[in-house]
Amino acid sequence: MVSRILVVDDEPSIVTLLKFNLEQAGFSVITAEDGQLGLQLALHENLDLIVLDLMLPSIDGMEICKTLRQEKVNIPILMLTARDDELDKILGLELGADDYLTKPFSPREVVARVKAILRRTKSEKETEKEKSLNIGELEIYPDKYEVLFRGEKLELTPKEFELLLYLSTHRGKVLSRDQLLNGVWDFHYDGDTRIVDVHVSHLREKIEDDTKRPTYIKTIRGFGYKMEGP
């Protein structure tokens with residue numbers, strides 16, 4: 001899949017130069033020559049990376065970078081500036097830029113930096129994906145003790161998290177209440193397994209649209225529960 005890049009710079013010659021060289025390198029490129037348009041494109045277009053000039057009319061690059069990160073837009077940003085000022089570089093990186101390049105620059109260096117950033121972010125995404133367990137609209141991150149549902153973080157108790165993780169790692173398998181007690185609570189609860197039912201009920205309230213007709217955690221009557229995807 002071709003990576004899509006936004007170039008934002010108020011110098012037409014630089015925009016033309018970058019667009020040509022990036023397209024020659026196999027990227028799809030859209031452009032903007034002022035900050036307001038650049039910000040709108042960054043917010044609404046499906047992009048893989050932004051090449052962003054620091055000094056822009058209407059809204060400068062620092063403000064664009066700050067706004068994007070506040071809006072949770074995590075598209076990688078390569079920031080450009082005509083000023084070789086260390087404070088600008090530090091501020092840009094602190095606001096969320098991924099790399100920094102001072103003008104004048106070689107187009108080949110821009111292409112090389114873009115490729116390096118995309119390789120790094122792709123590797124980070126793949127690593128993060130490997131560490132997550134995904135079922136339907138659930139994303140479970142065992143290392144971080146975190147669960148996202150439809151992109152929103154769920155507030156779970158430690159036992160709710162452990163129960164959800166245990167069910168999810170045994171997806172499709174019918175688990176008895178005794179198995180769940182032993183696997184999650186690490187003990188046998190002779191004669192009373194209501195603790196499992198209570199925790200399942202709490203989980204359903206957080207992940208099911210209809211708790212009486214659950215999509216994820218199915219009741220297997222007379223036995224226990226089974227985790228399924230929608």
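For the pair R69 (side chain) and V73 (backbone), a donor-acceptor distance under 3.5 Å is present. Proximity of a side-chain donor or acceptor of S201 to a complementary backbone N or O of D197 within less than 3.5 Å is not detected. At least one donor-acceptor pair under 3.5 Å links the side chain of R204 to the backbone N or O of I217. A donor-acceptor contact shorter than 3.5 Å links the side chain of S58 to the backbone of Q36. Looking only at distances, no side-chain donor or acceptor of E137 sits under 3.5 Å from a matching main-chain atom of G151. Of the possible polar contacts, none joining the T219 side chain to the R221 backbone as a donor-acceptor pair under 3.5 Å is found.
Contact check for K115 versus F27: side-chain heavy atoms found under the 4.5 Å cut-off. Using a 4.5 Å heavy-atom cutoff, the side chains of M227 and L164 are in contact. The side-chain heavy atoms of R120 and D98, taken from C-beta on, include a pair separated by under 4.5 Å. You'll find the side chain of N21 stays beyond 4.5 Å of the side chain of V110, heavy atoms only. L80 is not listed as a side-chain neighbour of L54, based on a closest heavy-atom distance of 4.5 Å or more. Within the 4.5 Å cutoff, no side-chain heavy atoms of L148 are placed close to those of L154. Looking only at side-chain heavy atoms (C-beta outward), L18 and V51 come within less than 4.5 Å of each other.
Residues Y145 and E162 bring a donor and an acceptor atom of their side chains to less than 3.5 Å of each other.
Atoms CD and CG, on E11 and L17 in that order, are 11.0 Å from each other to the nearest 0.5 Å. Within the model, atoms CG of L175 and CG of L181 stand 11.5 Å from one another, a figure rounded to the nearest 0.5 Å. Here the CD1-OG1 distance, from I140 to T169, works out to 8.5 Å after rounding to the nearest 0.5 Å.
With salt bridges taken as basic N to acidic carboxylate O contacts below 4.0 Å, none links K66 and E63. Look at E228 and K226 and you find a salt bridge, because one of the NZ, NE, NH1 or NH2 atoms lies within 4.0 Å of a carboxylate O, short of that distance. In this structure, E160 pairs ionically with K206, as a charged nitrogen and a carboxylate oxygen lie closer than 4.0 Å.
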- Task: Go through the steps to decide whether D10 and D34 satisfy the test side-chain contact (heavy atoms from CB on, under 4.5 Å), and finish with yes or no.
- Result: CA-CA 6 Å; D10 63 334; D34 70 82; over 6 Å; no
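L41 approaches A32 most closely through the heavy-atom pair CD1-CB, 4.0 Å. Smallest separation of non-hydrogen atoms from F149 and Y216: CE1-OH, 3.7 Å. Taking both residues in full, the closest heavy atoms of G38 and L6 are given as O-CD2, 3.6 Å, listed atom of the first, atom of the second, then distance.
Linking Ile, Leu, Val, Met, Phe, Trp and Tyr residues whenever their side-chain heavy atoms come within less than 4.5 Å leaves I75 and L22 in two separate clusters. Hydrophobic clustering (side-chain heavy atoms under 4.5 Å, transitive across Ile, Leu, Val, Met, Phe, Trp, Tyr) groups I30 together with I64.
Counting heavy atoms of neighbouring residues, nucleotides and ligands inside a 6.0 Å radius, atom CZ of R150 exceeds 12 of them. Other residues, nucleotides and ligands place more than 12 heavy atoms under 6.0 Å from the CZ atom of F223.
For the salt bridge (Lys or Arg N to Asp or Glu O under 4.0 Å) condition, the pairs that include at least one residue of residues 37-61, sequence neighbours left out, are R4-E45, D53-K103.
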